[in-house]
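Structure first, then comments.
As a basis for the values below, the full set of heavy atoms in this structure was taken, side chains included, without hydrogen atoms, waters or symmetry mates.
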Amino acid sequence: MRTFFLQRDPDTNPEIPDSLPEAAARILEGLNPVQRQAVQVTEGPVLIIAGPGSGKTRTLTHRIAYLIATGRARPHQILALTFTNKAAREMMERIERLVGAEAARHIWMGTFHAIFARILRREGQRIGYTPDFSIYDTDDAERLLRELMARYHIDPRQYSPRTIRHLISGAKNQMIGPEEYARLVASPVQEKAAKLYGPYQEALRKANALDFDDLLLKPIELFEQHPDVLQRYQERWRYLHIDEYQDTNRAQYVLARKLAAAHRNLCVVGDDAQSIYAFRGADIGNILSFQRDYPDATVIRLEQNYRSTRRILKLAEAIIQHNRDQLEKRLWTENPEGDPIVLIEALSERDEAQKVEQRIRDLHVRYGYGFRDFAVLYRTNAQSRSLEEALRRGGIPYRVVGGLSFYQRKEIKDVLAYLRLLVNPHDAASLQRVINYPARGIGQRTVEVLMDYARQHGLSLWQAIERVEEVGLSARAQKAVQEFHFLIARHAAKMDTVPVDELARTLLQESGLLEELRREGTPEALARWENVQEMLNAIAEYVATAGEQATLSGFLQEVALLTDLDEMPEDNRVTLMTLHASKGLEFPVVFITGLEEGLFPLAQATQDRKDLEEERRLFYVGVTRAQRHLFLCYARSRYRYGEQQPSVRSRFLEELDTDVIVTEAGLPFRRGEVLDRRPRSERYVELDSHYYRRPLQQRSSSGATRRVVYDEGAGEIVPGARVEHAIFGEGKVLALEGQGDQARAIVFFPEVGQKKLVLKFARLRRID
């Protein structure tokens, strides 16, 4: 195994040979010595460990151009695989500038799915697919599963098609077929997925269709059943390149091994410290084991960072050194030392958002940064709500990347539609949006009949519903419409007597919307459920601020003012995005918000070392997006479940290099120091060696006791604990409330979702 490091003294590195063709020599110009090594080592397996901001894309594109310029490969003999179309386009544009458009267009370059779909169009008949096969997206797949569930008498209300699809997709990512998956089932929902897996695959085949997972699995099947096809592509592609290798799954790993087996000219580029997509099936073991798979591999480490200040890089190193599973590398830069990283402590998420907005305004004025130079990062999409509101109040333009604006998300629009109906039941758009969501037996045909009746009699749709007995619907449809009318009318009658936040929560519970999201049980559904909870938090926050003046119409008016503002200029906005969405980007100024236990890292990640290490890698990714200024933020309290609850500073903050961090006041940051100035009775005490802490007491504004913990002695049930329930199985304690016989635990169970359990009767057993 050969390893190349970038020496600080450039005289120790080889110069560009005089014998190279002029075009090839030009390609090497401007590369640092180790980048040049990565370009010139063309034969055999090569692992390029590329730290953030080290010129990874530049190195890879110059390597491909160098192969062509030196005559080592013709363009069609090169295969380059990426994970996004954007990355493929950017690489192709750079290569075109280096070798010309005519040569570049013959290179096989694209995403895994695009390249292997192209192969299956050509060769799929060998395994029973015609060239015009369909590719099913997630909606198509779930529609097919719903049909199969009806055939096999599986209730979609009990077992969501989305959940079933998620489980089947997970099995495919691990290259587990239907028969093997059936032997591995460990829960009722997995049993149903196993029952449908085989019929689902057969139905796809009959439809001459593939889902996205099949676009990777079927080429493997093709190559294994027809070695001559594999041999033909092995001979065609003499040089194979894979970008972001740390993000590959099992099927992608196998495809790379098969295609590179003949010439063994496999060059992979990636950074194990930026492996953050395990939830999508990515396997960090692929890059960690590359040297074991290819003992003769040349390992090249791109360690010089061109993006960030020295202080930011020092902080990043302090973060990632706590991970056990990682490859050796040491980032360095010739950039200036830079400003210290600032730790911002806020009283609440609202205060956190206001402090972020104030810092953005200050840096915008003081240094002349454009708004496009700022990025605000967070762990979950739900966190964007308070940030969006603060920026809108301050008149600062922003865009939400990697997802819809909080108030534009479907689940939030559904909530607002229900609330608007209470204030104005004649709002036809809101009425049509939720009259059959969640499904309650009011089909589109029923709605059309009601609308026809309303038009004929000059009524609103709501008035037609009030006269549903006269419309001429079936008894079943009429009953469903009457029940919906009663739901809305009953809650509308309470608007003047019930607090707004309580009214909203009750309506959403009785409508079935919360239960619908909980029942799906997928990570996506859980994220939508969290967004709805965040919406309820916004209402509770509004009530706490407005006091006796709080009304539902007042809240809706505030939201309307937030969502109806004119769009800001596209080219000069603050960027709001999740940490996952920020990968591959860079900004002069970065804020990382919500650095609290249970939020970052997520509560469910803290029980498993590998999950916790991925959370830490995500933190590392966020930090290394910053070029000049970095702010780390956390709140001492945050709204959860409609109430303001105390928060605990993230364990990640206790791992940082204190030399490069200062507090908002400019004072040195010391690990373990409690910045919280509240009375000790309202703070936290540590439990054993864990970072989980429990509130001894939390008081409302009136001084009344709101929450205490429930203590079972040696088997203490605390937030973050893993527990077992006789019916629901293993779960994770999210929060505790009440006292004595009324003490309750909010527990998330992977199989059934979130439950609120009275501890006196729940008989939870702690299992960690």
Side-chain angles (χ1 to χ4, degrees), residues 4-13 28-39 48-62 90 94 269-274 300-321 326-343 359-360 362-364 366-377 575 579 582-592 617 619-632 656-662 666 668-669:
F4 293 95
F5 297 87
L6 178 50
Q7 306 294 326
R8 306 290 176 103
D9 180 4
D11 293 337
T12 64
N13 290 280
L28 295 178
E29 291 176 357
L31 300 177
N32 72 39
V34 173
Q35 289 174 337
R36 198 178 304 152
Q37 291 283 6
V39 168
I48 301 175
I49 305 172
S54 62
K56 168 180 71 71
T57 302
R58 178 182 177 83
T59 302
L60 188 55
T61 53
H62 279 244
E90 181 183 351
R94 293 192 186 194
V269 184
D271 182 7
D272 59 293
Q274 297 185 69
I300 300 172
R301 292 175 169 83
L302 302 182
E303 299 175 309
Q304 182 176 4
N305 178 282
Y306 294 92
R307 175 187 299 159
S308 305
T309 66
R310 294 180 187 175
R311 279 194 168 107
I312 291 171
L313 284 190
K314 190 174 182 181
L315 183 75
E317 288 285 300
I319 292 168
I320 207 63
Q321 71 180 3
Q326 61 176 307
L327 298 171
E328 178 191 354
K329 61 182 170 298
R330 188 77 176 177
L331 299 180
W332 64 277
T333 185
E334 294 179 347
N335 291 340
E337 189 77 9
D339 291 346
I341 288 87
V342 178
L343 179 64
R359 286 280 181 168
I360 291 173
D362 178 62
L363 291 170
H364 171 64
R366 186 187 305 178
Y367 295 106
Y369 285 122
F371 290 124
R372 68 173 66 85
D373 296 327
F374 296 90
V376 185
L377 311 181
T575 299
L579 284 141
S582 73
K583 187 168 175 289
L585 303 176
E586 58 184 40
F587 300 88
V589 187
V590 169
F591 296 83
I592 300 178
R617 291 194 294 270
F619 187 25
Y620 174 88
V621 165
V623 164
T624 54
R625 300 311 93 195
Q627 294 173 301
R628 301 172 202 165
H629 304 278
L630 176 64
F631 298 86
L632 308 178
L656 299 183
D657 190 317
T658 59
D659 293 341
V660 297
I661 304 178
V662 297
F669 165 67

* What's the spacing between Lys56 NZ and Ile48 CD1 if we round to 0.5 Å? -> 10.0 Å

* Structure fact -> Minimal heavy-atom distance between Ala626 and Val590, with the atoms involved, is CA-CG2, 3.6 Å

* Spacing of Leu302 atom CG and Ile49 atom CD1 [to the nearest 0.5 Å] -> 9.0 Å

* **Gly30 to Arg58 - nearest heavy-atom pair and separation** => O-NH2, 3.3 Å

* To do: Using a 4.5 Å cut-off on heavy atoms from C-beta on, say whether the side chain of Tyr620 contacts that of Leu315.
  => no

* To do: Taking all non-hydrogen atoms of both residues into account, name the closest pair between Ile592 and Gly622 and its distance.
  => CD1-C, 3.6 Å

* Asked: What is the minimum heavy-atom distance between Thr624 and Ala316, and which atoms define it?
  -> CG2-CB, 3.7 Å

* Heavy-atom side-chain contact between Lys314 and Asp659 under 4.5 Å -> yes

* Carefully, step by step, assess Leu632 and Val342 under the rule side-chain contact (heavy atoms from CB on, under 4.5 Å). => CA-CA 6 Å; Leu632 308 178; Val342 178; over 6 Å; no

* Asked: For the atom pair NE2 (His629) and CG (Leu363), what is the distance rounded to the nearest 0.5 Å?
  -> 6.0 Å

* To do: For residues Thr59 and Val39, report the shortest heavy-atom separation together with the two atoms involved.
  => O-CG2, 3.8 Å

* So do the side chains of Thr309 and Gln627 get within less than 4.5 Å of each other, counting heavy atoms only? -> no

* Asked: Could you go step by step and tell me if Asn305 and Ser54 meet the side-chain contact (heavy atoms from CB on, under 4.5 Å) rule?
  -> CA-CA 5 Å; Asn305 178 282; Ser54 62; 5.9 Å; no

* To do: Identify the heavy atoms of Thr333 and Arg310 that sit nearest to each other, and give their distance.
  => CG2-CG, 3.5 Å

* Do the non-hydrogen side-chain atoms of Glu90 and Arg94 ever get within less than 4.5 Å of each other? -> yes

* Structure fact -> Value for CG (Leu630) from CD1 (Ile312), rounded to nearest 0.5 Å, stands at 5.5 Å

* Does a side-chain heavy-atom distance below 4.5 Å link Arg330 with Glu317? -> yes

* Asked: Do the non-hydrogen side-chain atoms of Thr575 and Phe587 ever get within less than 4.5 Å of each other?
  -> yes

* **Pair Leu31-His62, side-chain contact (heavy atoms from CB on, under 4.5 Å): steps then yes or no** => CA-CA 9 Å; Leu31 300 177; His62 279 244; 4.0 Å; yes

* May I ask you to check whether His364 and Phe374 place their ring centres under 6.0 Å from each other? => no

* **Test item: Arg301 side-chain N/O and Glu328 main-chain N/O as donor-acceptor pair under 3.5 Å** => yes

* Decide yes or no for Pro588 and Tyr369: does some side-chain heavy atom of the first lie under 4.5 Å from some side-chain heavy atom of the second? => yes

* To do: I would like to know whether Leu656 and Phe619 meet side-chain contact (heavy atoms from CB on, under 4.5 Å); could you show each step before the answer?
  => CA-CA 11 Å; Leu656 299 183; Phe619 187 25; 3.9 Å; yes

* In terms of side-chain geometry, is the basic nitrogen of Arg617 or Asp272 positioned less than 4.0 Å from the acidic oxygen of its partner? -> no

* Asked: Does a side-chain heavy-atom distance below 4.5 Å link Asn32 with Gln304?
  -> yes

* Structure fact -> Interatomic distance, OG@Ser308 vs CZ@Arg625, rounded to 0.5 Å, equals 8.0 Å

* May I ask you to say whether Arg307 pairs ionically with Glu586, meaning some side-chain N is under 4.0 Å from a carboxylate O? => yes

* Rounded to the nearest 0.5 Å, what's the gap from CG on Leu313 to CG on Asn335? Could you check? => 7.5 Å

